[in-house]
S.K.: 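This is the structure I have questions about; it appears just below.
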Amino acid sequence: MKKKTLFWRKLNDRFHTLFSAASVFIAVTGMILVLYTVVIRGMDAVSLDFFLNSSRPYGVEGGGIANAILGSVMITVFAAVLAIPPAVLAGIFLSEYPDAGRAVAVLRFAANVMMGVPSVLVGLFVYVIIVVPSGHFSGFAASVSLAVIMFPLIMRTTEDMLGMVPNSLRESSLALGMTKMRSILCIVCRSARNGLLTGILLAVARVSGETAPLLFTAMFADAWPSDFFTRPTANMPVLITEYTTNSPFAEMHTAGWGASLVITAAVLAVNIVTRIVFREKNNAG
Amino acid sequence: MNAVWAKKNLTDSVFRMLCVCCAGFTGLLMLAFFVQLYVESYGAWEKFGINFIISSEWDPSRDVYGALPGIVGTLSTTAIALVIALPLSFAAAMYLSDAAPLPGAVLSHAVDLLAAIPSVIYGMWGLFLVTPVMQDYVQPFFSETLGLSQVPGLRLIFGPDYNGFGIFTAGVILALMIMPYICAVMRDVFRMTPPMLRESAYGIGCTRWETARDVVLRYGIRGILGGVFIGLGRALGETMAVLFVIGNVMEMPETSYSGATTIASAIANNFSEATGMQRSALFALGFILLAMSFGIQVLAQYYLHATGAKRGESR
């Protein structure tokens with residue numbers, strides 16, 4: 001092997017250190033650029049009416065996004081209600097019943113695969129199992145598709161978080177005569193509470209910005225989301241898509257940016273607050 | 001006393017059953033995806049057979065469909081994204097795992113937040129900001145100033161015609177989107193390198209870069225590959241960000257500057273208007289995408305399993 005001089009090696013090292021710092025810089029700058037654009041352009045749209053009026057058809061003035069905000073909240077909350085309880089139970093199974101052996105490994109694998117399924121396919125799936133049989137697009141179908149995306153996410157974080165609970169806690173609670181169910185729910189889950197909440201909130205924040213599955217399930221409507229189960233329901237991500245890609249009107253682009261600002265602010269707020277409030281020593285950083 | 005125990009045992013087994021059912025649901029869901037997409041796309045497979053994958057024609061007026069443009073678009077955007085994101089995430093992860101605790105944690109969270117921004121925002125940002133910059137500065141710079149469009153081998157990447165939209169722009173945006181995922185897995189992997197190994201390397205006089213390349217990289221190569229596959233899976237299935245900037249033309253792209261389409265964005269773009277055979281063909285595209293992402297997840301699991309690294313999704 002040819003020997004390299006110390007000078008060359010040090011120079012090489014400096015170069016790579018610089019490149020490392022530059023990469024972090026690029027990533028962070030990228031984020032700041034995206035946020036900056038969204039904030040600057042979005043601020044133009046923001047006014048009281050913007051938050052109070054429902055959206056109007058193309059070209060009609062004075063539209064807001066209130067119905068889309070409400071619809072998005074309804075879809076996301078309903079998805080959370082559908083997904084969280086079974087997903088947490090599924091996570092408990094993966095973490096607390098290792099005696100099930102291969103089944104655990106297989107199901108963990110399935111959950112990991114499901115986490116990687118492109119969200120647009122989830123949209124197709126739900127379209128076929130709910131929209132086609134019921135004959136109409138609905139907010140409910142959108143909730144189901146978001147729940148399908150959320151399910152494996154919460155399942156795997158639950159498992160990871162419960163796995164961090166020391167075994168001595170499980171053993172002492174069982175030694176006190178608790179049933180396994182009580183020990184799991186009252187002791188294990190409780191001591192992993194912060195982690196569980198973090199996982200759940202981050203999963204909810206993540207799906208609340210999902211767009212692709214909503215295109216074929218919730219669609220969009222200018223009406224208020226009064227018929228959540230039977231009619232297309234207004235929602236933010238599809239509103240942004242429609243307003244920016246299918247509209248020549250500058251006001252609609254502005255409204256789209258406004259909606260982007262609202263959704264980004266909400267998602268980032270949940271992320272940042274969760275990270276700060278539920279920060280734990282072993283998963284900091 | 002016995003009755004009490006029997007009752008407790010019963011609740012326990014009921015609870016266990018409940019957990020099993022909930023967990024089993026995921027497995028069922030995974031199977032259901034495959035079965036359903038296959039059943040829905042059966043018409044297309046029956047009519048076009050295996051030719052569907054290698055035919056590049058997509059003509060709704062003649063009811064002839066082929067998946068090749070979508071597959072090529074998907075693979076090329078993913079490749080560009082990976083080529084850009086991989087060195088950046090490796091270097092960033094290296095920096096972050098060595099950084100001082102406080103700035104390190106803050107910067108790590110900042111990079112993670114990139115993954116939290118909804119993809120439709122990236123799409124919009126790409127459409128209104130990145131595309132014009134690409135058209136006015138980046139693409140002319142490569143094609144004309146550097147003259148790369150005249151170099152035979154590079155013509156495929158830096159074509160003479162450009163308008164800001166296309167595979168290249170989509171790849172750049174995807175790179176920014178998948179970087180936090182790869183970076184998070186790599187950070188985990190780097191942290192798991194035993195300090196003793198690192199310190200021994202420093203002890204025999206290695207520079208930081210030499211330690212990273214010859215010790216940390218070798219030690220964590222499986223985890224890093226796992227991270228790469230996670231990023232790959234993300235890029236393959238990304239719909240909205242790509243949909244906004246790719247141009248959505250169902251044709252074989254000539255260069256990376258041409259408008260094209262990916263499987264995911266083709267589905268999102270055409271599905272609501274499609275009927276009959278076109279719908280079936282779109283489902284068939286979906287089936288191909290599912291199979292691709294399944295394969296990638298299997299590889300990711302295989303490599304990550306040994307390292308026990310987390311998947312960078314839940315942080």
Side-chain angles (χ1 to χ4, degrees), chain A residues 9-10 12-13 16-17 19-21 23-24 26-28 30-31 34 37-38 86 89-90 92-94 107 109-118 120-121 124-125 128 152-153 155 157 179-181 199 202 205 209 211-212 215-216 237 240-241 244-245 260 263-264 267-268 271 275 284-285, chain B residues 8 11-12 15-16 18-20 22-23 25-27 29-30 33 36 40 88 91-92 94-96 104-105 107-111 113-114 116-121 124-125 127 129 176 179 207-209 233 236-237 239-240 244 264 267-268 271-272 283 286 289-290 293-294 297 301 310 313-314:
Chain A
R9 287 174 52 204
K10 277 192 171 168
N12 201 1
D13 182 54
H16 282 99
T17 312
F19 180 63
S20 290
S23 325
V24 177
I26 290 174
V28 175
M31 185 187 72
V34 174
T37 320
V38 169
L89 285 176
I92 289 175
F93 175 72
L94 292 190
L107 290 174
F109 171 77
N112 285 339
V113 170
M114 287 302 298
M115 261 161 59
V117 167
V120 66
L121 297 183
L124 285 186
F125 180 73
V128 174
L153 285 174
M155 178 171 168
T157 38
T179 60
K180 183 140 189 181
M181 175 176 120
L202 290 187
T211 315
L215 292 173
F216 325 131
I240 297 173
T241 316
T244 45
T245 55
S260 305
I263 204 167
T264 314
V267 169
L268 287 188
N271 265 276
R275 278 160 207 260
Chain B
K8 283 188 168 179
T11 47
D12 253 14
F15 182 70
R16 192 192 154 111
L18 199 64
C19 290
V20 172
C22 291
F25 184 64
T26 352
L29 213 56
M30 189 177 79
F33 263 87
Q36 191 230 48
E40 292 292 324
L88 286 182
M94 210 164 76
Y95 182 86
L96 292 175
L107 288 175
S108 303
H109 281 304
V111 174
L113 284 182
L114 266 177
I117 300 174
S119 62
V120 65
I121 310 287
M124 213 176 155
W125 181 70
L127 177 65
L129 275 111
L176 191 61
M179 190 178 153
T207 62
R208 284 227 298 247
W209 164 241
L236 275 185
T239 315
M240 298 318 290
F244 279 60
I267 295 174
F271 187 74
S272 40
F283 273 111
L289 182 61
L290 184 68
S293 78
F294 180 79
Q297 291 305 321
Q301 291 317 307
K310 294 226 192 81
E313 298 245 1
S314 56

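Order of the sequence lines sets the chain letters (A, B, ...), proteins ahead of strands, with each chain counted from 1.
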S.K.: Applying side-chain contact (heavy atoms from CB on, under 4.5 Å), can you list everything that pairs with A:Leu107, at least two apart in sequence or on another chain?
M.R.: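 A:Leu107 satisfies side-chain contact (heavy atoms from CB on, under 4.5 Å) with A:Phe93, A:Leu94, B:Ala23 once adjacent residues are dropped.
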
S.K.: Taking every non-hydrogen pair under 4.5 Å, which of A:Thr241, A:Thr17, A:Val34 racks up the most with chain B?
M.R.: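 Highest number of heavy-atom pairs under 4.5 Å: A:Val34.
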
S.K.: Could you state the interatomic distance from OG (B:Ser293) to CE (A:Met115), rounded to the nearest 0.5 Å?
M.R.: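 Nearest 0.5 Å value for the OG-CE distance: 12.5 Å.
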
S.K.: Crowded around B:Phe25 CZ? As in, over 12 foreign heavy atoms under 6.0 Å?
M.R.: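 Check fails, neighbour count at 12 or below.
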
S.K.: In terms of heavy-atom pairs under 4.5 Å, which option from A:Leu121, A:Leu215, A:Val267 contacts chain B the most?
M.R.: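 Highest number of pairs under 4.5 Å: A:Leu121.
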
S.K.: Heavy-atom count around B:Arg208 CZ within 6.0 Å, excluding the residue itself: above 12?
M.R.: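 Not buried by this count: 12 neighbours or fewer within 6.0 Å.
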
S.K.: Among A:Thr264, A:Val28, A:Val128, which residue has the highest count of heavy-atom pairs closer than 4.5 Å to chain B?
M.R.: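 Option with the top pair count is A:Val128.
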
S.K.: Where does B:Leu129 contact chain A at under 4.5 Å (heavy atoms): side chain, backbone, both or neither?
M.R.: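 Answer is side chain: those atoms of B:Leu129 sit under 4.5 Å from chain A.
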
S.K.: Please find the pair of heavy atoms, one from B:Leu88 and one from A:Ser23, that lie closest to each other, and give the distance.
M.R.: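 For B:Leu88 versus A:Ser23, the nearest heavy atoms are O-CB, 3.3 Å.
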
S.K.: Please report the closest heavy-atom contact between B:Gln297 and A:Asn112, naming both atoms and the distance.
M.R.: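 Smallest heavy-atom distance, with atoms named: OE1-O, 3.7 Å.
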
S.K.: Tell me, side chain or backbone of B:Leu113 under 4.5 Å from chain A's heavy atoms, or both, or neither?
M.R.: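 Contact with chain A: backbone and side chain both.
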
S.K.: Which class fits the ring pair B:Phe294 and A:Phe109: parallel under 30°, tilted 30 to 60°, perpendicular over 60°?
M.R.: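 The rings of B:Phe294 and A:Phe109 stand perpendicular, inter-plane angle above 60°.
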
S.K.: Could you tell me if the side chain of A:Val120 sits less than 4.5 Å from the side chain of B:Phe271, heavy atoms only?
M.R.: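 Sidechains of A:Val120 and B:Phe271: no contact.
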
S.K.: Let's test your reading of the structure: which of A:Ala110, A:Gly30, A:Ala205 forms the most heavy-atom pairs below 4.5 Å with chain B?
M.R.: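 Ranked by heavy-atom pairs under 4.5 Å with chain B, first place is A:Ala110.
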
S.K.: Tell me, for B:Met179 versus chain A, whether the close heavy atoms (under 4.5 Å) come from the side chain, the backbone, both or neither.
M.R.: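 Side chain only.
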
S.K.: Under a 4.5 Å cut-off applied to non-hydrogen side-chain atoms, are B:Thr207 and A:Asn12 in contact?
M.R.: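 No, side chains not in contact.
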
S.K.: Who wins among B:Val120, B:Thr11, B:Leu236, B:Ile117 for the most heavy-atom pairs under 4.5 Å with chain A?
M.R.: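 Among B:Val120, B:Thr11, B:Leu236, B:Ile117, the one with the most close pairs to chain A is B:Val120.
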
S.K.: Give, as side chain, backbone, both or neither, the part of B:Leu127 having an atom under 4.5 angstrom from any heavy atom of chain A.
M.R.: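 When you check distances to chain A, only side chain atoms of B:Leu127 fall under 4.5 Å.
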
S.K.: Which atoms of A:Phe216 are under 4.5 Å from chain B, going by heavy atoms: the side chain, the backbone, both sets, or neither?
M.R.: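 Interface part for A:Phe216: side chain.
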
S.K.: Nearest 0.5 Å please: distance from the CD1 atom of A:Ile240 over to the CE atom of B:Met240.
M.R.: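 The CD1 atom of A:Ile240 sits 9.5 Å away from the CE atom of B:Met240.
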
S.K.: Contact part of B:Met30 toward chain A, heavy-atom cut-off under 4.5 Å: side chain, backbone, both or neither?
M.R.: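 Interface part for B:Met30: both.
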
S.K.: Between A:Met31 and chain B, with a heavy-atom cut-off of 4.5 Å, which part of the residue counts as in contact: side chain, backbone, both or neither?
M.R.: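 Its backbone and side chain both get close to chain B.
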
S.K.: Measure distances from A:Thr244 to the heavy atoms of chain B and classify the residue's part below 4.5 Å as side chain, backbone, both or neither.
M.R.: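 Both parts, heavy atoms under 4.5 Å.
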
S.K.: Return yes if some donor-acceptor pair links the side-chain N/O of B:Asp12 with the main-chain N/O of A:Thr179 below 3.5 Å, else return no.
M.R.: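 It does not hold such a pair.
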
S.K.: Top residue by heavy-atom pair count (under 4.5 Å) with chain A, among B:Cys19, B:Ala92, B:Gly233?
M.R.: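 The option with the most such pairs is B:Cys19.
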
S.K.: Let me confirm one number: the CE-CZ distance from A:Met181 to B:Phe15, rounded to the nearest 0.5 Å.
M.R.: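 Atom-to-atom, A:Met181:CE and B:Phe15:CZ are 6.5 Å apart.
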
S.K.: About how many Å separate OG of A:Ser260 and CH2 of B:Trp125, when rounded to the nearest 0.5 Å?
M.R.: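 Those atoms lie 13.5 Å apart.
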
